[in-house]
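Inspection log for the structure reproduced underneath, given as structure tokens.
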Amino acid sequence: MNNSIQSRKAPSSARVGRRRDSTKHQDIMQATRELVGELGYRGLSLSSIASRAKVSRNVLYNWWNGDVSRIVEEAFLPNVREWPVPNTGSFESDIDQFLDLTIDAIHKPDVLKGFLTLAAEIVDDSAQLSQTSRYFRAPYARLIAKIVQQAEARDEICADLDPNHLAQIISGSVMQFAISKKPGRRNTKIVLSKIIQKLAQK
């Protein structure tokens, strides 16, 4: 995001985390996804989101501290910071459940379009790439790290499996398969699961 957007923080009186109206919340998420597709990330603003969603800017301050990046994160990877960490007792099953979460999130047409727009905008922008990593890659990689740690504690996998590399493999592959529409949702999971199990093999 550009600096002018990032600098717009909420006043100290903002009630961050206030209980959300579900209809307004869905309208804001949809408006954000639509606007990213139309304007790109650099063209996004609190005013444009509020106007499209037909809510006041105060709502965006109350719920997201006026931080556009946080709104975008939730619109494209809904509640990624709250995704459950699978803990079935099996690395293979844990990964399969996590793949389901990722595939369900990314295979939505407007979400996929938004990620592609972001990729096109940040390819030559190191500052925005760093910001994107903070909001999308970091929380996603932390979830995978927990799955890896659980498997290591059970002595199921090799000791040097890098969660950050695994996060890139999963997210990048799911996105690529979604763009090409091959090998399809079910086969995407099968293909990736086999690759990951091979990488993690002791």
Side-chain angles (χ1 to χ4, degrees), residues 1-84 100-125 127-143 167 170-172 174-181 185:
M1 305 292 170
N2 59 38
N3 291 334
S4 62
I5 290 177
Q6 286 302 312
S7 65
R8 296 173 190 171
K9 300 297 181 182
S12 59
S13 60
R15 289 171 289 176
V16 180
R18 179 181 175 183
R19 184 174 181 179
R20 301 175 180 181
D21 177 289
S22 60
T23 301
K24 285 183 180 180
H25 181 265
Q26 290 304 315
D27 289 345
I28 293 166
M29 297 294 94
Q30 184 62 34
T32 302
R33 290 189 288 266
E34 290 175 358
L35 288 166
V36 167
E38 296 169 15
L39 305 175
Y41 280 78
R42 292 189 179 95
L44 202 61
S45 68
L46 291 176
S47 295
S48 63
I49 296 171
S51 177
R52 177 67 63 90
K54 295 181 173 57
V55 300
S56 72
R57 283 169 52 109
N58 284 340
V59 170
L60 305 183
Y61 279 115
N62 286 337
W63 292 353
W64 291 282
N65 207 26
D67 188 335
V68 171
S69 292
R70 287 176 58 194
I71 301 172
V72 171
E73 175 197 56
E74 191 163 336
F76 287 95
L77 277 182
N79 302 315
V80 64
R81 297 172 190 274
E82 300 171 14
W83 282 11
D100 282 332
L101 290 171
T102 304
I103 291 168
D104 286 344
I106 292 179
H107 269 250
K108 296 179 177 66
D110 50 356
V111 171
L112 181 60
K113 182 179 179 180
F115 275 123
L116 293 176
T117 299
L118 174 60
E121 289 190 10
I122 68 174
V123 65
D124 293 318
D125 188 334
Q128 194 166 355
L129 179 60
S130 176
Q131 185 70 12
T132 301
S133 295
R134 174 187 170 195
Y135 281 94
F136 289 100
R137 293 181 182 175
Y140 188 80
R142 280 195 292 271
L143 290 169
I170 293 174
S171 59
V174 170
M175 194 171 300
Q176 180 60 44
F177 288 145
I179 294 168
S180 65
K181 302 187 184 304
R185 291 171 63 99

Restricting to non-hydrogen atoms, name the atom on L60 and the atom on L46 that form the minimum distance, rounded to 0.1 Å. CD1-O, 3.5 Å
Looking only at heavy atoms, what is the nearest atom pair of A50 and S56, with distance?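 Scanning both residues completely, I find the closest heavy atoms to be CB-C, 4.2 Å.
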Would you please classify the geometry between the Y41 ring and the F76 ring as parallel, tilted or perpendicular, with 30° and 60° separating the classes? tilted
Does S171 use its side chain to pair, donor to acceptor, with the backbone of A167 at less than 3.5 Å?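 Checking the backbone N and O of A167 against the side chain of S171, a donor-acceptor pair under 3.5 Å is found.
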Tell me whether S51 contacts the main-chain N or O of S47 through its side chain, where contact means a donor paired with an acceptor under 3.5 Å. no
Report the distance from atom [atom1] of [X] to atom [atom2] of [Y], rounding to the nearest 0.5 Å.
{"X": "K24", "Y": "Q26", "atom1": "NZ", "atom2": "CD", "answer": "14.0 Å"}
{"X": "W64", "Y": "I49", "atom1": "CH2", "atom2": "CD1", "answer": "8.5 Å"}
{"X": "E74", "Y": "D67", "atom1": "CD", "atom2": "CG", "answer": "11.5 Å"}
{"X": "I179", "Y": "F115", "atom1": "CD1", "atom2": "CZ", "answer": "11.5 Å"}
{"X": "T117", "Y": "L35", "atom1": "OG1", "atom2": "CG", "answer": "11.5 Å"}
{"X": "L143", "Y": "L101", "atom1": "CG", "atom2": "CG", "answer": "8.5 Å"}

Side-chain donor-acceptor pairs under 3.5 Å in residues 106-114, sequence neighbours left out?
unit_1	atom_1	unit_2	atom_2	d
K108	NZ	D104	O	2.7
D110	OD2	R33	NE	2.9

Sequence neighbours excluded, the answer for ring-ring contact (aromatic ring centres under 6.0 Å, His included) partners of F177 is none
